[in-house]
Number of protein chains: 2
Amino acid sequence: MIAHKIVPNISVDCVVFGFDFEKLNVLLVERELKDEKSGEVIIRDHTLAGYHIFEDEDLDSAAGRILKGLTGLDNIFLEQFGAFGQLDRVSSPRDKRWLDYINKGFADRIVTVGYLALIDNTKVTLRLKERNVSWFPVSMVKEMDLAFDHKYLFYEALEALQRKVKVEPIAFELLPDYFTLSQLQKVYEAVLGTSFDKRNFRKKVAQMHYVIALKKKQQGVAHKPAQYYLFSREVYEKTRKGRISFII
Amino acid sequence: MIAHKIVPNISVDCVVFGFDFEKLNVLLVERELKDEKSGEVIIRDHTLAGYHIFEDEDLDSAAGRILKGLTGLDNIFLEQFGAFGQLDRVSSPRDKRWLDYINKGFADRIVTVGYLALIDNTKVTLRLKERNVSWFPVSMVKEMDLAFDHKYLFYEALEALQRKVKVEPIAFELLPDYFTLSQLQKVYEAVLGTSFDKRNFRKKVAQMHYVIALKKKQQGVAHKPAQYYLFSREVYEKTRKGRISFII
DNA sequence: GCAAAAGTGTTACCGGTACACCCATGC
DNA sequence: GCATGGGTGTACCGGTAACACTTTTGC
């Protein structure tokens, strides 16, 4: 393995969202520091998935590399939601102690670029146990301790997700390749924190010609089996409407 | 004046838009390099308004500082539209030569944070002539030479502006405090590159209760004088609709 | 046969769009 | 009085929202 030189004052942090057909979850990494002598736990909290960028990679590659490391997946949906450079973002006593401890030559002043990542839960559950990484319901984050300004970054990412999901077909990134309309509805509801009328929802989806019914149906379920659908990006790109009107 | 230490590998670049009641313009800084002996012009092109951040300021402050320097204005509308860290963004021969020439200790690898700035033209026209800075019609940029990846940044900013203007009340940032409805319509048209029906546009504005008619009317114009309006952010914040529906 | 989720239509209202003429002012 | 931009209403259409029952399957 080649040793890459890190850029000491620039990092990327990924807010990775996943959907378990019930609720929206976020991927967090456990951070633990024990006193070397007493074994007493000094720090135990969580961080976003992030790391410094390398001298020889750009920002998107750095984010991709981090996600690949955590999930084993390439081609994850990734989009910036902001750059954060507050002077004090890395300087709480707890965080300073942590930085001293890991001692990798990071700067005191770190600007981080936040990436929103959406992943299909069904493709990753396996790999997570190998690492101190796990899914947490989005609703639980507000009671958790997160390192640095990561709680702030998390909420910025969540807002970006909520904004974008209304306007771009990104909800599909949280679902498997084949999904039912109920699952699709639940993603939207989980992300936006609302609920929709089933019939109206389906009428709307019916107008999205890029959501295509398959021959396949659910099997082995104790109710009327649902039709599977897929999202076609090609059809989307061809048929997207150029809505020019602006909103009140 | 205190000497601030710059961060050699992090900059901000501001894409400053202005509106002259006709078309959308962008503020660009002339860059010129002459050969010391022959006086021959080696580089003459334009750059965005940008500079490295200082060790003791955050990203927003850096952008604010740069704008203050160019326009004399505080409280300009400022919003990030992305962070850019391509490995080659600063490495064309021309740009390398320029960096050698100014020789301020910048790094080879610079990550820049792009800021979208919207300013009220009527408040700045005075100060510009003092500097090698001027307004260019947005439509002219495609034929211009811009430094580094600034043309790319410019178009990213323009797209961000077009996206946001449909969804947030930022068009007002490009207008004076008091404006007529025709002026408002023209801003939207200039930004989005479309045209709207006058009656429909006014019906829409009538539903924006945060656009408030004043007693004042235009004076000295060779036609029916127009009513002035103002944008009230307070009313906007109070009455904004929580549209939850998503778009096809 | 019953529990569980899938699937389906109608009506009422509102917002969007298309479209043409009169008004107030300066010169 | 004429040129210039300001200002206004109506009819149609399509999208959104509210609402309840039947269907298919596993057990």
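From a predicted model like this one, the values you see are computed outputs, not experimental measurements. Chain identifiers are assigned alphabetically (A, B, ...) following the order of the sequence lines, protein sequences preceding nucleic acid strands; residue numbering begins at 1 within each chain.
B:K204 contributes no side-chain N or O that forms a donor-acceptor pair with the base of C:dG16 under 3.5 Å.
The distance from atom NZ of B:K203 to atom P of D:dG9 is 11 Å, rounded to the nearest whole Å. Atoms OH (A:Y229) and P (C:dA6) sit 11 Å apart, rounded to a whole Å. A:F201 has its CZ atom 17 Å from the P atom of D:dG15, to the nearest Å. Regarding A:F196, its CZ atom lies at a distance of 17 Å from the P atom of D:dC19, rounded to whole Å. Atom CD of B:Q185 is separated from atom P of D:dG5 by 14 Å (rounded to the nearest Å). Straight-line distance from the CG atom of A:N200 to the P atom of C:dA12: 16 Å, rounded to whole Å. Between A:K186 atom NZ and C:dA6 atom C1' there is a gap of 11 Å when expressed in whole angstrom units.
Of the two residues near DNA chain D, B:Q183 and B:R199, the one whose nearest nucleotide lies more 5' is B:Q183. Toward the 5′ end of DNA chain D lies the nearest nucleotide of B:L181, the other residue of the pair B:L181 and A:D197 mapping further downstream.
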Throw together a table of side-chain donor-acceptor distances under 3.5 angstrom for residues 214-222 of chain A, partners on residues two or more places apart or in other chains.
from	atom 1	to	atom 2	distance (Å)
A:Q218	OE1	A:A226	N	3.1

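Aromatic pair A:F172/A:F179: ring centres closer than 6.0 Å. Ring pair A:Y115/A:F81: centre-to-centre distance not below 6.0 Å. Between B:H46 and B:F136, the gap from one ring centroid to the other is short of 6.0 Å.
For DNA chain C, the neighbouring residues in residues 215-228 of chain A, judged by any heavy atom under 4.0 Å, are A:A222, A:H223, A:K224, A:P225, A:A226, A:Q227.
Geometrically, B:R31 engages B:F148 in a cation-pi contact, judged by NZ or CZ lying under 6.0 Å from the ring centre and within 45° of the ring axis.
Classification of B:K123 and B:D177 as a salt-bridged pair holds, one side-chain N sitting under 4.0 Å from a carboxylate O. Between A:E237 and A:R233, at least one side-chain N (NZ, or NE/NH1/NH2) sits under 4.0 Å from a carboxylate O, which counts as a salt bridge.
Neither OP1 nor OP2 of D:dG5 sits under 4.0 Å from any side-chain N or O of B:S182.
Out of C:dT8, D:dG15, D:dA17, the shortest distance to the side chain of A:R202 is found at C:dT8.
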